Amino acid sequence: MPGFVEPELARIVEVPAGGNLWVHEIKFDGYRMQLRVEKKRAILLTRKKLDWSHRFPEIVAEARALPDCILDGEVAALDARGISNFGDLQLALSEGKTAGLVYFAFDLLFLSGRDLRGVPLTERKGQLEVLLKERLPHATRIRYVEHYESSGKEMLEAACRMGLEGVISKRADAPYRSGRGNDWTKAKCRGGQEVVIGGWRGDANNLRSLLAGAYRDGQFLYMGRIGTGYNVKSAGELLRKLKPLEIPRPAFANTKDVPRAHDLHWVKPKLVAEVEFGTITAAGILRQASYKGLREDKTAENVVFEAQPAAEEKTAKERKSKTKNPTHRAIAPGNKGLTIAGVPISNPDKALWPETEDSPAVTKADLCGYYDMAADRILPHIAGRPLSVVRAPDGIGGEQFFQRHVLPGLEKYLKPVAVSGEEKPYLSIETAQALVALGQVAVLELHPWGSKRGEPETPERLIFDLDPAPDVVFDTVIAAAKDMRARLIHLGFMPYVKTTGGKGIHVGIAIRGVPRKPVTWDEAKAFARDVCLAMEADEPGRYTTNMSKKVRGGKIFLDFLRNARTATAVAPWSPRARAGATISMPLPWSKLRAGLDPTQFTIPNAPKLLRGADPWADIDKTAVNIEPARKKL
DNA sequence: GGAGAGA
DNA sequence: TCTCTCCAACGCTAG
DNA sequence: CTAGCG
């Protein structure tokens, strides 16, 4: 068996080669590793021949089942979308949590006494695939990397659309040659990104930051500010070029995304700048962007925003198809005038929740039907209280927005609530018909205040939001909810529990003051905070009340801020704008047992779920004076 | 999804 | 008449 | 102090 084989390296190219001489693989963002198995002993070597076996014990353990061989591949961490992510990999390594890492094997250099470096790539990969399939059929930490024969350009475009890092292309017939040659190429999705300057912040002689944009679907979209990377000289040069281009209004189509400031100047989108940046946020805004210089050779129209969140892409597509089919307004044909609870439903067949692996698509008609069916359950929790709603007229893949004021056009169904200190009345409803009307305008989530009915200034219900970090399993959240229940009972309350419709749990209690002295919001919030702080203090390893540290693993975030004036929590029985059309499901404590799967509570399952009594039916009758509990705490 | 502003 | 734009707001925390 | 996040 040969000693350490210097890895074959790829040359950077703008666009991958085409033609059937080439095959293409997804580029993984991880550590290149040579996996060597000799006499049932497996080791992993870096490209510099360092032995990193101890860092990836799970991979090494699985590899021991292989016969003598040398594999080439990449260790990577996959995020929730199945995309390799270098940040996650480093995090996993620094915390020693390597169990989720995967070795992606893409080449076989030696097998059972035979040096395969001289045989063509596709043949090596063929043997590799067979080897892994036969010897490691159940392996989870070692995977074979498929290749594709489509044109390299298409492949790169597809990879970039999916948010992948890029494409590795390889000569199908070439032997394995160590070092950087011409047989392997890599094309990155964003190498040296360019942006168009749409304005600047500062004044005629002072450049504070540049406002960047790019084209998408023919629209010029704001992409964030660039506040670093230029010096006095280049800033002066930029200003000289910007001033003649100044226009009175922004050219950005998404002006609402542009942060407001008094010293903004707009320019015609002509100048192309090269920038470097850390990442792009889900909203498409550059993070840590830095100016590298002007690209005189490029025209603004060619600067298109490629990598984009999947959801955005869908919206754009839907928008396109919508404009193509002329919209039918008054004459609403197609779906023979469906009416639910006396409310005409437009586009009843529109899928607001797309189909998923284990749940059918949920249409607007399904949503309105659910509201009608569940109105008796939902209304007691929202009637007489200000109600914020989440709307998504184009479904959960499209734009979503909160709305708290009265919805124009729906006045006849609503019971607006005046909230002191607010100009416009707040949304509130009292009837099943109004609920269905909300469904008609694509209200997917209901978030009421925790106030007493008809008294926005008096808190009556506290919600403790147990929000687990991504790596916390649901059983752990269940245990936390029981812990919280015990504490609240000890304080004299009658706690109720429901799923949030996501990965968390809500524990709710009803509270009251004494006859002449109602509880104030400040008192309610302070009390909720104290309960959570006590819990955190007792078991800091399990709980945190710190919002941002939440990202750092293993703990459950106790969110007491749900209990401030104007704050809301999702209502019992409310659907969620999440995959699968889950609902926030009220449960009797006896049903909250380990193994419970919160994703089973969905709109399609509603008929089943609505059988029997509402576990939260009596919550408002169990209000307890918080004064003794505050003293106890 | 629907209203109002703007083109 | 068609197209675009708006639809919350507040506390926390890191930088 | 503010941008970003939840």
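Since the structure is predicted, the reported quantities are computational estimates derived from the model, not experimental observations.
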Quiz item: Do the charged groups of A:Arg565 and A:Asp522 touch, with an N to O distance under 4.0 Å?
Solution: no
Would you say a side-chain N or O of [X] is under 4.0 Å from OP1 or OP2 of [N]?
{"X": "A:His405", "N": "C:dC7", "answer": "no"}
{"X": "A:Asn546", "N": "C:dT13", "answer": "yes"}
{"X": "A:Lys350", "N": "B:dG1", "answer": "yes"}
{"X": "A:Lys424", "N": "C:dC7", "answer": "no"}
{"X": "A:Gln403", "N": "C:dC6", "answer": "no"}

When you get a sec, tell me which of [options] is the closest nucleotide to the side chain of [X]?
{"X": "A:Pro393", "options": "C:dA8, C:dA14, B:dG1", "result": "B:dG1"}
{"X": "A:Phe402", "options": "C:dA14, C:dG11, C:dA8", "result": "C:dA8"}
{"X": "A:Ser346", "options": "C:dT13, B:dG2, C:dA8", "result": "B:dG2"}
{"X": "A:Met547", "options": "C:dC10, B:dG1, C:dG11", "result": "C:dG11"}

Practice problem: Check the angle between the aromatic planes of A:Tyr215 and A:Phe220 and answer parallel, tilted or perpendicular using the 30° and 60° thresholds. | Solution: tilted
Practice problem: Tell me, with the steps shown, if A:Ile345 and A:Thr339 meet side chain to side chain contact (heavy atoms under 4.5 Å, CB included). | Solution: CA-CA 6 Å; A:Ile345 308 299; A:Thr339 309; over 6 Å; no
Quiz item: Considering heavy-atom distances to DNA chain C, does A:Thr568 or A:Leu561 have its closest nucleotide positioned more toward the 5' end?
Solution: A:Thr568
Self-check item: Residue pair A:Leu407, A:Arg391: steps toward the side chain to side chain contact (heavy atoms under 4.5 Å, CB included) verdict
Solution: CA-CA 11 Å; A:Leu407 288 79; A:Arg391 295 181 57 199; 3.7 Å; yes
Practice problem: Give one of base, sugar-phosphate or nothing for A:Ala253, where a contact means two heavy atoms less than 4.0 Å apart. | Solution: sugar-phosphate
Quiz item: Checking all strands, does A:Ser388 fall into the base, sugar-phosphate, or nothing category for heavy-atom contacts under 4.0 angstrom?
Solution: nothing
Quiz item: Taking all non-hydrogen atoms of both residues, which atom of A:Ala567 and which atom of A:Arg562 are closest, and how far apart?
Solution: CB-O, 3.8 Å
[X] [atom1] - [N] [atom2] separation (whole Å):
{"X": "A:Leu414", "N": "B:dG2", "atom1": "CG", "atom2": "C1'", "value": "13 Å"}
{"X": "A:Arg225", "N": "D:dG4", "atom1": "CZ", "atom2": "P", "value": "7 Å"}
{"X": "A:Asp467", "N": "D:dG6", "atom1": "CG", "atom2": "P", "value": "10 Å"}
{"X": "A:Arg529", "N": "C:dG11", "atom1": "CZ", "atom2": "P", "value": "13 Å"}
{"X": "A:Tyr426", "N": "C:dC7", "atom1": "OH", "atom2": "C1'", "value": "13 Å"}
{"X": "A:Leu410", "N": "B:dG1", "atom1": "CG", "atom2": "C1'", "value": "9 Å"}
{"X": "A:Arg391", "N": "B:dG2", "atom1": "CZ", "atom2": "P", "value": "8 Å"}
{"X": "A:Glu399", "N": "C:dC6", "atom1": "CD", "atom2": "P", "value": "9 Å"}

Quiz item: Does a donor on one side chain sit under 3.5 Å from an acceptor on the other, for A:Glu457 and A:Ser451?
Solution: no
Practice problem: Using the P atom on both, measure C:dA8 against B:dA3 and round to a whole Å. | Solution: 16 Å
